[in-house]
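Notes follow the structure.
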Amino acid sequence: MGEDLFDGVPAQKIEIAPEAFILPRFAFETAARLVTLIEKIDKTAPFRHMKLRRGRTMSVALTNCGEAGWVSDCRGYRYEKLDPHSGKAWPDIPPEFIELAEQAARSAGFDGFLPNACLINRYEIGARLSLHQDKDEGDFRYPIVSVSLGLPAKFLFGGPQRSDKVKRMILSHGDVCVWGGASRLCYHGIDPLKPGEHALTGAVRYNLTFRRTSEISG
Ligand code: SIN
Ligand code: FE2
């Protein structure tokens, strides 16, 4: 158990690897507001299925908010200042998002996390994210903060090598996962989303991942 207090309840902290934690239901109270804000972002920067370098299309739909957004196309992965869909800047990160990311990072032992990029993933039934590292940020001093909303998903978390043993755990609505330090470059992914219906999101899982990137093109 962690020592932090969240809404008067001692916040639970599950260590899944060195300096990697799940904070169960950490975002539960603000979840409905987060979903409303995601729907608002979708109106200016709509969810889209990006292409991977080798030509396949991602099953996960994504959008971004912040100073830079993560994009993928035939040239590979990178952070871009402008949304390639509109040619305009990505929407700002809502203050509620920043506050949540900062508090979650602090609860996991990473003080002073100020994200400048937030990738928003939308999983429909069957969508998955294969094992990968988050390594396009150029600076690995800052953690990754990931917020799960809507349908539950099976999260895979391995080590710094692709061949390292992978742990599997369920991430449910409101759960937050934080990894940094020794685990910052750990491989992770999401198994195909199982059919279901969530009161707030329908047949969808959203995931917010907060990052601080120093590598911004465009
Ligand atoms: C990601 O690795 O970008 C997202 C992980 C998740 O959806 O939980
Ligand atoms: Fe990732």
Side-chain angles (χ1 to χ4, degrees), residues 14 16-17 19-28 31 34-35 38 41 47-50 52-53 58-66 68-72 76-79 90 93 97 100-101 104-105 108 115-140 142-162 164 166-180 183-194 196 198 201 203-213 215:
I14 301 164
I16 55 171
E19 297 185 85
F21 301 91
I22 292 178
L23 311 174
R25 296 164 69 92
F26 192 91
F28 193 82
L34 301 179
V35 171
I38 292 172
I41 290 166
F47 283 100
R48 76 293 303 263
H49 293 270
M50 288 191 175
L52 297 168
R53 200 200 321 254
M58 293 178 71
S59 59
V60 173
L62 65 86
T63 185
N64 291 279
C65 55
W70 185 90
V71 301
S72 171
Y77 312 136
R78 66 204 170 272
Y79 284 93
W90 298 99
I93 307 188
F97 280 20
L100 172 68
N116 64 349
C118 172
L119 167 63
I120 311 173
N121 290 313
R122 186 185 69 199
Y123 297 77
E124 276 158 17
I125 308 305
R128 63 189 289 266
L129 202 57
S130 51
L131 271 189
H132 66 278
Q133 295 167 294
D134 292 356
K135 59 171 186 190
D136 305 315
E137 293 73 29
D139 184 340
F140 306 120
Y142 301 99
I144 299 285
V145 173
S146 145
V147 179
S148 293
L149 298 165
L151 286 180
K154 198 171 276 177
F155 182 53
L156 281 51
F157 199 85
Q161 309 294 328
R162 188 178 280 280
D164 290 336
V166 168
K167 280 190 186 163
R168 286 180 150 74
M169 55 222 106
I170 302 287
L171 290 179
S172 299
H173 181 64
D175 289 347
V176 177
C177 189
V178 181
W179 63 96
S183 284
R184 177 61 182 75
L185 290 172
C186 281
Y187 277 84
H188 58 280
I190 292 284
D191 265 356
L193 193 74
K194 292 230 169 74
H198 189 275
T201 64
V204 161
R205 169 180 187 261
Y206 291 114
N207 171 260
L208 303 171
T209 41
F210 294 97
R211 296 105 189 270
R212 178 139 200 109
T213 179
E215 291 280 306

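Start at 1 and go down the list; that is how both ligands and their atoms are numbered. The basis for the numbers below is simple: all heavy atoms, side chains too, and nothing from hydrogens, waters or symmetry mates. What you see is a predicted model; the values in this text were computed from it and never measured.
Between Phe210 and Phe97, the two ring planes are perpendicular [angle over 60°; tilted spans 30° to 60°].
Near His132, meaning under 4.0 Å from one of its heavy atoms, ligand 1 places the atoms 1 (C), 2 (O). Atoms of ligand 1 found under 4.0 Å from any heavy atom of Arg205 (numbered from 1 in listed order, with element): 6 (C), 7 (O), 8 (O). The His188 neighbourhood of ligand 1 comprises atoms 2 (O), with distances under 4.0 Å to a heavy atom of that residue. Residue Arg211 has at least one heavy-atom neighbour below 4.0 Å for each of these atoms of ligand 1: 3 (O). Taking a cut-off of under 4.0 Å to the non-hydrogen atoms of Ile190, the atoms of ligand 1 that pass are 6 (C), 7 (O), 8 (O). Below 4.0 Å from some heavy atom of Asn121 lie the following atoms of ligand 1, by number and element: 1 (C), 3 (O), 4 (C).
The distance criterion of under 3.5 Å between nitrogen or oxygen atoms is not met by Asp134 with respect to ligand 1. Ligand 1 has no nitrogen or oxygen under 3.5 angstrom from a nitrogen or oxygen of Ser148.
For atom 7 (O) of ligand 1, the nearest non-hydrogen atom of the protein is Tyr123 OH, 2.5 Å.
A cation-pi arrangement is absent between Arg184 and Phe140 under the rule of less than 6.0 angstrom and at most 45 degrees off the ring axis.
Remark: side-chain polar atoms of Gln133 are paired, donor with acceptor, to backbone N or O of Leu185 under 3.5 angstrom. Judged by distance alone, with hydrogens and angles left aside, the side-chain atoms of Asp175 form a donor-acceptor pair with the main-chain N or O of Arg25 at under 3.5 Å. The backbone N or O of Phe157 sits nowhere less than 3.5 Å from a side-chain atom of His188 that would complete a donor-acceptor pair. No donor-acceptor pair under 3.5 Å is formed between the side chain of Thr63 and the backbone N or O of Ile120. For the pair Asn64 (side chain) and Trp70 (backbone), a donor-acceptor distance under 3.5 Å is present.
Residue contacts with ligand 1 for Arg122 are absent, since no atom lies close enough (heavy atoms, distance under 4.0 Å). Neither the backbone nor the side chain of Val60 comes within 4.0 Å of ligand 1, counting heavy atoms alone.
Among Leu208, Ile22, Leu171, Val145, the single residue meeting the side chain to side chain contact (heavy atoms under 4.5 Å, CB included) criterion with Val176 is Val145.
Side-chain contact between Arg122 and Leu62: absent, with no pair of heavy atoms (C-beta onward) separated by less than 4.5 Å. Contact check for Arg205 versus Asn121: no side-chain heavy atoms found under the 4.5 Å cut-off. Considering only heavy atoms from C-beta on, Ile190 stays 4.5 Å or farther from Lys154 through its side chain.
Of all protein N/O/S atoms, those under 2.8 Å from the Fe ion (ligand 2) are His132 NE2, Asp134 OD1, His188 NE2, and waters are not counted.
Of the listed residues (Leu129, Leu193, Leu131), the one carrying the non-hydrogen atom nearest atom 1 (C) of ligand 1 is Leu129.
Ser146 and Asn207 share a donor-acceptor pair across their side chains, judged by distance under 3.5 Å alone.
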